[in-house]
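What follows is a single structure, written as structure tokens, with notes after it.
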There are 2 protein chains.
Amino acid sequence: MTIKVGIVGYGNLGKGVEQAISQNPDIELIAIFTRRQPNQFSSQQNGVKFEHISAADSYMGVIDVMIMCGGSATDLPEQTPWFARMFNTVDSFDTHAKIPEFFDEVNAAAKENGKLSVISTGWDPGLFSLNRLLAQSILPEGTDYTFWGKGVSQGHSDAIRRVPGVKGGVQYTVPVEAVIERIRSGETPELSTREKHLRECYIVAEEHANQEEIRNAIVSMPNYFADYNTTVTFITEEQLKAEHGEMPHGGFVIRSGVTGQGKRQIIEFGLKLESNPEFTASVLVAYARAAFRLSQEGQTGAKTVFDIPFSYLSPKSGEELRRDLL
Amino acid sequence: MTIKVGIVGYGNLGKGVEQAISQNPDIELIAIFTRRQPNQFSSQQNGVKFEHISAADSYMGVIDVMIMCGGSATDLPEQTPWFARMFNTVDSFDTHAKIPEFFDEVNAAAKENGKLSVISTGWDPGLFSLNRLLAQSILPEGTDYTFWGKGVSQGHSDAIRRVPGVKGGVQYTVPVEAVIERIRSGETPELSTREKHLRECYIVAEEHANQEEIRNAIVSMPNYFADYNTTVTFITEEQLKAEHGEMPHGGFVIRSGVTGQGKRQIIEFGLKLESNPEFTASVLVAYARAAFRLSQEGQTGAKTVFDIPFSYLSPKSGEELRRDLL
């Protein structure tokens with residue numbers, strides 16, 4: 001018996017989930033729900049239907065878990081509470097400041113209807129959060145560091161594309177290696193986000209634009225770039241397509257603590273991802289498995305990664321896990 | 001209300017637990033149990049009693065969780081099942097091959113008596129196991145690597161001290177950095193343990209011993225050193241004491257996987273520990289908190305790190321964790 005899932009939203013993340021499901025034989029994709037015309041799409045997987053999002057309710061009792069692949073800004077705040085009334089769900093809601101409110105709303109919707117929703121999976125929030133919690137619990141006296149990158153920042157890429165004379169461009173957030181090495185060697189400096197990261201911009205300029213003006217407009221841009229070490233590199237449109245079309249990302253969570261008479265203990269977790277959306281999708285699928293099992297046990301309401309034992313993420317039995325992985 | 005704990009065994013690990021408890025205000029140390037004469041000891045913490053291990057049963061109903069600090073070879077296989085009849089327990093049983101059998105025995109003892117036991121915590125088994133499970137669940141197609149060190153290997157240190165002419169010595173297992181870098185950069189070589197690690201020996205020779213003979217005896221020792229790149233460095237007794245008296249350790253768990261059309265995704269977890277026993281002790285204390293809570297909820301039997309959500313390790317509430325760490 002397979003776990004039957006649906007995908008809501010067919011952008012990069014939804015496509016990543018479709019691919020991730022094909023790596024997990026215990027999970028079966030039933031249908032993909034979109035706000036666009038469903039008949040323009042077809043899945044590489046046999047038997048998968050594309051449906052308009054408004055048809056989702058007809059899949060109640062058929063789909064075990066809905067994997068929510070909309071954006072955190074406007075899609076998920078509406079969609080997850082709505083779907084949580086009808087289905088178990090899993091999402092990657094990532095607006096950190098709004099998580100408590102989102103949790104409460106989804107929790108109420110799911111509980112009232114006997115469903116279970118895992119919110120805010122992915123890697124940050126998600127795997128990074130798990131490591132922050134684990135490391136703090138083991139080393140109560142210590143300092144936490146989170147670094148992001150090297151990876152594309154969508155907000156900063158949008159900002160540089162709004163500069164006059166800029167035709168296209170992409171911004172990478174890059175962790176400062178020298179700072180990471182200081183922490184790994186036992187120092188615990190106080191650091192702001194800007195001291196931990198560089199910003200690298202790759203720009204395609206309009207034909208007659210003044211490159212120096214563009215560079216100055218970017219590096220002096222308040223909030224986005226003014227307080228960072230920012231580099232601006234001008235490239236051709238072909239280079240932008242050929243060399244900057246991917247969505248790599250990653251980062252590090254480090255806790256540097258002390259035990260006993262000042263013994264230094266360092267816990268580090270890191271990700272190096274060639275595809276950010278495909279990795280997030282893979283996390284979603286593992287937590288969809290967990291959502292199904294928790295629901296089968298009769299649990300309801302909203303859960304986060306903090307509430308779920310890792311054994312629920314794996315298709316293997318407890319016995320196999322203890323024998324092969326402990 | 002504090003969680004009241006006892007320590008069974010007062011070696012390096014037990015002393016580490018005593019220190020770790022002082023970093024956790026919600027946990028109170030009641031008594032330390034030893035097979036030696038208890039009246040030769042005194043704790044730095046107020047009100048802590050030293051008791052002979054045979055007096056443990058008189059603490060039933062007083063101590064919430066017993067933290068088992070004996071060795072895995074002969075102590076824990078006897079002690080954990082015995083104590084699991086009377087108390088919730090947590091241990092760091094680390095004989096990987098015997099975990100299934102140990103689990104069954106402790107599970108039966110704890111279940112029959114309505115107690116809960118968390119077995120095989122620490123970092124390997126323990127945190128490393130958690131990361132193996134997490135990474136495999138998220139990236140079903142991939143390759144796992146575990147590296148240990150730089151750290152003291154007790155078995156190998158014992159072996160070199162048995163070589164004729166050796167007065168004292170210590171052996172460090174050292175991961176091969178060049179191999180780790182290959183994996184981090186996306187290669188997935190097939191590697192045996194010996195290809196991943198070097199062995200560094202620091203030896204104090206007897207006064208008239210032949211150093212070349214000692215060196216040859218070590219590097220050609222079957223099973224222990226013959227198949228490894230082994231270095232032997234002769235030092236003085238003072239150097240051994242001054243520079244090699246600590247118990248550092250650590251290592252890395254890396255999974256290198258692929259998603260979609262061959263996108264490489266790397267998950268890495270690493271520890272850099274100045275004190276191996278103090279760190280293991282800190283993990284034990286966090287899981288003692290979890291054992292208490294699970295028991296309060298009415299759960300019984302043996303559990304491993306795979307079965308326990310991270311929220312149970314922290315003194316913070318679910319609401320605080322979602323707000324501050326997710």
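Side-chain atoms are counted along with the backbone in the values below, which use heavy atoms only and exclude waters and symmetry mates. Since the model is a prediction, treat every value here as computed from it, not as a measurement. Chain identifiers are assigned alphabetically (A, B, ...) following the order of the sequence lines, protein sequences preceding nucleic acid strands; residue numbering begins at 1 within each chain.
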Would you name the heavy atoms of B:Ala286 and A:Ile138 that are closest together and state the gap between them?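 So the minimum-distance heavy-atom pair works out to CB-CG1, 4.3 Å.
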Using a heavy-atom distance cut-off of less than 4.5 Å, which residues of residues 270-280 of chain B contact chain A?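 The residues closer than 4.5 Å to chain A, in numerical order, are B:Gly270, B:Leu271, B:Lys272, B:Leu273, B:Glu274, B:Ser275, B:Glu278, B:Phe279.
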Using heavy atoms and a sub-4.5 Å threshold, report which of residues 98-110 of chain B line up against chain A, by residue number.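 Listed by number, the contacting residues are B:Ile99, B:Pro100, B:Phe103.
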Part of [X] lying under 4.5 Å from any heavy atom of chain B:
X        : answer
A:Val283 : both
A:Asp307 : both
A:Thr259 : both
A:Leu139 : side chain

Could you tell me the separation between the NE2 atom of A:His249 and the CD atom of B:Gln265, rounded to the nearest 0.5 Å?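 Interatomic distance, A:His249 NE2 to B:Gln265 CD, rounded to 0.5 Å: 12.5 Å.
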To the nearest 0.5 angstrom, please state how far the NZ atom of B:Lys263 sits from the CD atom of A:Glu246.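 Separation between the atoms: 4.0 Å.
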A:Gln261 CD: over 12 foreign heavy atoms closer than 6.0 Å: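 Incorrect, the count does not exceed 12.
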Heavy-atom distances under 4.5 Å only: say whether B:Leu284 touches chain A with side chain, backbone, both or neither.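 For B:Leu284, neither part sits under 4.5 Å from chain A.
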Taking only residues two or more places apart in sequence or in another chain, which ones pass side-chain contact (heavy atoms from CB on, under 4.5 Å) with A:Arg182?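 A:Arg182: side-chain contact (heavy atoms from CB on, under 4.5 Å) contacts with A:Glu187, A:Pro189.
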Could you have a look at B:Leu134, B:Val258, B:Val285, B:Asp144 and say which one has the most heavy-atom pairs with chain A under 4.5 angstrom?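 Between B:Leu134, B:Val258, B:Val285, B:Asp144, the count favours B:Leu134.
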Between B:Asp124, B:Leu127, B:Val305, which residue shows the highest count of heavy-atom pairs closer than 4.5 Å to chain A?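 The option with the most such pairs is B:Leu127.
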Any residue of residues 310-326 of chain A which, by heavy atoms, sits under 4.5 Å from chain B: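 Residues A:Phe310, A:Ser311, A:Leu313, A:Ser314, A:Lys316, A:Leu321, A:Arg322, A:Arg323, A:Leu325, A:Leu326 are the ones that qualify, each having a heavy atom under 4.5 Å from chain B.
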Among the options A:Arg132, A:Gln19, A:Gln23, A:Glu18, pick out the one with the most heavy-atom pairs lying under 4.5 Å from chain B.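 Top count of heavy-atom pairs under 4.5 Å with chain B: A:Gln23.
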